[in-house]
Amino acid sequence: MKRYLIWLSLPVFGLLFVLAGLSQQSQPLISINKISILPAQTNTRILLESSAPLQNINSAYPKEFPSILVVELGKVQMPAAPAVPADGLQLIKDVKIQMTADLRALLFLTLKEAVPYRIFVEAKTTVIELTKIHRSGEELIAPETQQELSQTPRKSMALSDVEIADKDDRLDITARLGQKATINIFALDNPLRLVTDIYDAVFDKPTQTYPFGKFGVEKIKIGQFKTPPPYSITRLVLELKEPRLYAVSNSPKELTISFPGESSAVILPPAPAPQPPAKTDAGTEAKTTPPANPPPVVQPTVQAKEEKLKTKTIHDTQEKYSGELLSPRFKDADLRDVVLWLGERVGLNVMFDPNVRGTVTCSFVDVPWDQFLDLILRNNNQGRSLEGNVLRIAPLGALAEEERALQTLRDAKEQGGTLLTKTYTLSYAKAKDVLELIKNKKSPRGEVSPDERTNTIIVSDVAEKLDLIEKLIATLDTQTPQVQIETRIIEATTTFVRNQGIQWGSRGIVDPFYGNQTSLQFPNQVIVDGAMIPQGQITKGIGGPLGGYGVNLPAPAFNSVLGISLANILDTFRLDMAISALETYGNGRIVSSQRVTAQNNKEAYINQGRQIPVQTQANFTVTTQYVNAGLELRATPQITAEGTIIMTLDIQNNAADFANLVNGIPPITTQSARTTVMVPDGGTTVIGGIYRVEDAITRERVPFLYRIPLLGSLFKSFSKTTQNRELLIFITPRILK
């Protein structure tokens, strides 16, 4: 029963599949009703008005035709190509439309030059916007942007953050804003830059630069370009490697500029069909595919990170084949007939050795003709030699014997040939240096000798070796590039000193002379003296009427002092006090600069300063040595193939300290740096930085008494010294053209 039901249901399922297929085929294609071109000052737009929004649009500049933009629109119905207006602001030279066999539409835009572009969809209108490259650096504002600026109230907004997101398939640059921004996008050349001006935005940081090197973006810069009035502009500059596709999303909270990867390729029409099969002289069929020139196919590029990790072949002995692709098919054909057919096919004259024999049975599809020839010859133990447009076929043994005979002939010519003598006067290289490189290239009979006085090399050898040596000398005797190296050493010093001190003393007398004696027998007279240091022996601070102070804690150094002396009418009680203080602030900067020019891979040395004589005595003999106290620079530049400069640097910045003499000889304060760095041509790098902070606090106080609350300040002094030193070394190399 179940089997019977299954057999009954099969026609029903088949009918459902047929109906589904018919319904799918019956869906109408999207039709593009109108194509129009709108030129403007900063960009040109191509508008595609369709019956429904277009999806899955691919676009690219083919490498073979860099000024043709190919846009794949999918399966659509297309109208005729629009006429290109003869407008001075126009970027487009020609517009063509091509339909493929599977109803895919290709839009070919021939431009005056390749420019950055973006594609976006607004309702049922697809916009292809071409951004014009301007040759001058003036500010350019599109008319629609000017109108929007005039209608929008002027209120600045803070650009809080810029995020650069390196995703797997695209680069997103997002500017965080508080409201929807008014923007203007244009392109500049030398180098190619895509500039986005964000109006009424304030970026409160210095100009930020981010090297990138992916998705066609070499460098990213953002900074404040203009401040009010009449409006502020924050400028985002993207330095591009080549014109390419970009996208812009301007939402109420943020502005995002995206650069997609090149993972999607434009699918172009297939190559023309192959010609009918040809007949060979042997009567066998050979299927060939003639070379075709289809529209270029845009291939995806590999990510920069993947390129770095790829294995690089340094030496490969495998032969590379680059001949025209063939699809031959033979069965038991004579080898000579096949080679004759191939010679006619590729336009070569063919000659056979009498001992060439063999047959060919093969079936190939799209194989280079030179690889096909090597395979059929190797299969029959035959070889080939190509001289000009003559192809010679012979057994491998015969060719090997012939090669040995030719080598014997070359050796005989070297041994018995006429020796020629030539002189080569060098312009840039030294004769003795070049001699070491070419002496291994001469024949056993040859001689090579230098003349250092005239910088000449004398060569005696056979003609074949002379040609090789002459080419080698011409390669080696080239001008050595020079590098100018500029060094700047900046030393900044900040000093702060604060001193506070106090001096005070007292004296009281109880004596019958003054009539204030005590009523006791003992003690009847009392003298309390807090000024026991005689006036002439005060070693610090200031003197006073009492001749000294009981608490003598003045500031170590001072430029301000206040003294107070108090006494009663009989001068039987006196109090003296002095407060001393000092505060000093100093700020200094020393800039040392040197500039020296050196040849590539040659050390340069420059010195500026003084030499300090240092005398030493040993065995009743006085020896004087001079020690450098100045700025010294030793630099060896190396120019790389990419135009950068690798430098080995040794910098000494020494100075004599005459404030701290030792036996009349000043010590040497040293600052040095030794390193190897790579710097772009004309770039600046910081190769060293030293930051030193010295803090010193000194307190003098009377034991125990300085702890008394409130009154403890009368029994202590305070001194603080802060010194900051900062050293930076800048290096700027420039290749002299």
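- For the pair Pro79/Ile32, a side-chain contact is recorded, criterion being any heavy-atom separation below 4.5 Å from C-beta on.
- Atom-to-atom distance recorded for Lys430:NZ and Leu476:CG is 15.5 Å, nearest 0.5 angstrom.
- With values rounded to the nearest 0.5 angstrom, Ile37 atom CD1 is found 4.0 Å from Ile92 atom CD1.
- Annotation: side chain of Arg336 is in contact with side chain of Val356 (closest heavy-atom distance under 4.5 Å).
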- Message: Test side-chain contact (heavy atoms from CB on, under 4.5 Å) on Val462 and Leu420; report intermediate values, then the result.
- Response: CA-CA 6 Å; Val462 294; Leu420 302 177; over 6 Å; no
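- At least one donor-acceptor pair closer than 3.5 Å links the side chain of Gln382 to the backbone N or O of Asn380.
- Summarising the geometry of Pro66 relative to Tyr61, their closest heavy-atom pair is O-CD2, 3.2 Å, with the distance given to 0.1 Å.
- Between the side chain of Ser460 and the main chain of Thr421, no donor-acceptor pair closer than 3.5 Å is present.
- Here the closest heavy-atom approach between residue Ala60 and residue Leu69 is recorded as O-CD1, 3.6 Å.
- Counting only heavy atoms from C-beta outward, the side chains of Thr131 and Tyr246 approach each other to under 4.5 Å.
- At a threshold of 4.5 Å between non-hydrogen side-chain atoms, the residues Leu373 and Leu391 count as touching.
- One N or O on the side chain of Asn455 and one on the backbone of Ala429 form a donor-acceptor pair closer than 3.5 Å.
- Of the N and O atoms on the side chains of Tyr321 and Asp374, at least one donor lies less than 3.5 Å from an acceptor on the other residue.
- Rounded to the nearest 0.5 angstrom, Leu91 CG and Thr44 OG1 are separated by 4.0 Å.
- To the nearest 0.5 angstrom, Leu399 atom CG is 6.0 Å from Arg392 atom CZ.
- Between Ser50 and Val76 the shortest side-chain heavy-atom distance does not fall below 4.5 Å.
- Under a cut-off of 6.0 angstrom, the local environment of CG in Asn355 is crowded, with over 12 non-hydrogen atoms contributed by other residues, nucleotides or ligands.
- Although no hydrogens or angles enter the test, the distance criterion places a donor-acceptor pair under 3.5 Å between the side chain of Arg244 and the main chain of Pro260.
- Atom CD of Glu447 has 12 or fewer heavy atoms from other residues, nucleotides or ligands within 6.0 Å.
- In terms of modelled atom types and a separation under 3.5 Å, the side chain of Asn601 and the main chain of Gln638 share no donor-acceptor contact.
- Residue Lys441 comes nearest to Lys465 through the heavy atom pair O-CD, 3.4 Å, listed as atom of the first residue, atom of the second, then distance.
- Using a distance-only test at 3.5 Å, with no hydrogens or angles considered, no donor-acceptor pair links the side chain of Asp477 to the main chain of Leu426.
- Considering CD1 of Ile646 and OG1 of Thr676, their distance stands at 9.0 Å, rounded to 0.5 Å.
- Here the closest heavy-atom approach between residue Gln599 and residue Pro637 is recorded as O-CG, 3.6 Å.
- Between Val448 and Asp461, the closest side-chain pair of non-hydrogen atoms is not below 4.5 Å.
- Ser385 contributes atom OG, which lies 10.0 Å from atom CG of Asp353 (distance to the nearest 0.5 angstrom).
- A heavy-atom distance below 4.5 Å is not found between the side chains of Lys96 and Thr110.
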- Take Ile457 and Ile438 through the test side-chain contact (heavy atoms from CB on, under 4.5 Å) and record every step on the way to the result. CA-CA 10 Å; Ile457 295 180; Ile438 67 173; 4.1 Å; yes
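- Scanning both residues, Phe259 and Phe215, for their nearest heavy atoms gives O-CD2, 3.8 Å.
- Using a 4.0 Å cut-off between charged nitrogen and carboxylate oxygen, Glu218 and Lys241 do not count as a salt-bridge pair.
- Between Arg104 and Glu72 there is a salt bridge, since at least one side-chain N of the basic residue sits less than 4.0 Å from a carboxylate O of the acidic one.
- The aromatic rings of Phe330 and Phe372 sit parallel, their planes meeting at an angle under 30°, below the 60° perpendicular limit.
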- Item | Test log, rule side-chain contact (heavy atoms from CB on, under 4.5 Å), inputs Ser67 and Glu113 | CA-CA 5 Å; Ser67 60; Glu113 61 177 339; 5.9 Å; no
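- A heavy-atom distance below 4.5 Å is found between the side chains of Val217 and Leu240.
- The shortest non-hydrogen separation linking Asp681 to Gly643 is CB-O, 3.6 Å.
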